[in-house]
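Because the structure is predicted, anything quoted here is derived from the model rather than measured. Residue numbers count from 1 along this sequence.
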Amino acid sequence: METPAPPMSAPQIPAPPKPGWWSRNWKWFVPMSLVTLLLLCGGGIFAAVSMVFGLLKSSEPYKEAVVRANASEQVQTALGTPVEPGFIVGGSINLNNDSGTATIDIPVTGPKGKGSIHVDGTKAAGTWSYSAMDVTVEGKAEKISLLGAPPMGP
C-alpha cells in the first residue's frame with residue numbers, strides 16, 4: 001500500500017511590517033503643526049504691537065493729552081462725557097535721558113461723536129513742553145486747542 005504524499009502546504013509569506021508612526025499620523029500632524037506655527041507667529045506679532053501701544057500709552061504726553069481733553073469744556077461739548085481714548089495709538093516717542101520728542105495721534109470717542117488728539121512735544125531737562133495739542137472732531141473743520149487747558153499735576 002502506498003502512503004499518500006503529505007499535502008503540500010502553501011509557502012509562508014511573512015506579514016508586511018507595521019507602518020511607522022509617521023506614515024500612520026502625518027495626515028493630522030502636518031496641518032496641526034502649521035496651525036500651531038501660525039498661532040505662535042500671530043501671538044508674537046500681537047504681543048509686539050500691544051507692547052508698542054502700551055509704551056505710547058504710558059508716556060507723559062499721552063496721559064497729559066487725555067487728561068486735558070477730559071478737562072476741556074469744548075471737547076466735552078463736542079464729544080460728550082466721558083472722552084475715551086481708543087486702543088490703536090499712532091506716532092513716535094524718542095527719548096534720550098532727560099530730553100526727547102513726541103508726536104502722537106490718539107483716537108477718542110464720546111457719546112456724541114469721534115475725534116482724534118494730536119500731540120507734538122519736546123522734552124528738555126526732564127520737562128515736557130508742547131508745540132501742538134489739539135482735538136479734531138469728525139465732521140468739523142476747526143480744531144480745539146488743549147494748550148490752554150490746565151496741565152496734569154506732578
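- For the atom pair CG of Asn70 and OG1 of Thr81, the computed distance is 7.5 Å after rounding to the nearest 0.5 Å.
- Considering all non-hydrogen atoms of both residues, Val108 and Pro85 come closest at CG1-CA, 4.1 Å.
- Two residues are said to be in side-chain contact when any heavy atoms from C-beta on lie closer than 4.5 Å; Asp105 and Ser116 fail this criterion.
- In summary, the side chains of Thr103 and Asp120 do present a donor paired with an acceptor at a separation below 3.5 Å, with no hydrogens or angles considered.
- What you find for Met133 and Ala65 is that their closest heavy atoms are SD-CA, 3.8 Å.
- Taking hydrophobic clusters as Ile, Leu, Val, Met, Phe, Trp and Tyr residues chained together by side-chain heavy-atom distances below 4.5 Å, Ile104 shares a cluster with Leu147.
- Considering all non-hydrogen atoms of both residues, Gly121 and Tyr130 come closest at CA-CD2, 3.8 Å.
- Using modelled atom types, one side-chain atom of Thr77 and one backbone atom of Glu73 make a donor-acceptor pair closer than 3.5 Å.
- With hydrogens and angles disregarded, no donor-acceptor distance shorter than 3.5 Å links the side chain of Glu84 to the backbone of Gly110.
- In this structure, the side chain of Asn94 does not engage the main chain of Thr101 through any donor-acceptor pair within 3.5 Å.
- Connection of Trp21 to Trp26 is established within a shared hydrophobic cluster, with ILVMFWY side chains joined at heavy-atom distances below 4.5 Å, either directly or through further cluster members.
- One hydrophobic cluster holds both Trp22 and Trp28 under the rule that ILVMFWY side chains link at heavy-atom gaps under 4.5 Å.
- One finds the OG atom of Ser58 at 7.5 Å from the CD1 atom of Ile93 (value rounded to the nearest 0.5 Å).
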Test side chain to side chain contact (heavy atoms under 4.5 Å, CB included) on Val75 and Leu146; report intermediate values, then the result. CA-CA 9 Å; Val75 174; Leu146 299 176; 3.9 Å; yes

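- Considering all non-hydrogen atoms of both residues, Ala69 and Ile117 come closest at CB-CD1, 3.7 Å.
- Leu34 is connected to Met32 through a chain of hydrophobic side-chain contacts under 4.5 Å among Ile, Leu, Val, Met, Phe, Trp and Tyr, so both are in one cluster.
- Applying the 6.0 Å contact sphere to CZ of Phe46 captures no more than 12 heavy atoms from other residues, nucleotides or ligands.
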Checking Ile144 against Val137 for the side chain to side chain contact (heavy atoms under 4.5 Å, CB included) test, could you report, in this order, the C-alpha distance in whole Å, the side-chain angles of both residues, the deciding distance, and whether it holds? CA-CA 8 Å; Ile144 301 169; Val137 178; 4.1 Å; yes

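- If you check the side chains of Asp134 and His118, you find no donor sitting under 3.5 Å from an acceptor.
- Separation of atoms OG (Ser23) and NZ (Lys18) is listed at 12.0 Å; rounding is to 0.5 Å.
- Residue Pro111 comes nearest to Pro82 through the heavy atom pair CD-O, 3.7 Å, listed as atom of the first residue, atom of the second, then distance.
- Using a 4.5 Å cut-off on side-chain heavy atoms (C-beta onward), Lys57 and Phe87 make contact.
- Cluster membership check: Leu56 shares its hydrophobic cluster with Leu95, using side-chain heavy-atom separations under 4.5 Å among Ile, Leu, Val, Met, Phe, Trp and Tyr.
- The shortest side-chain heavy-atom distance between Tyr62 and Val119 does not fall under the 4.5 Å cut-off.
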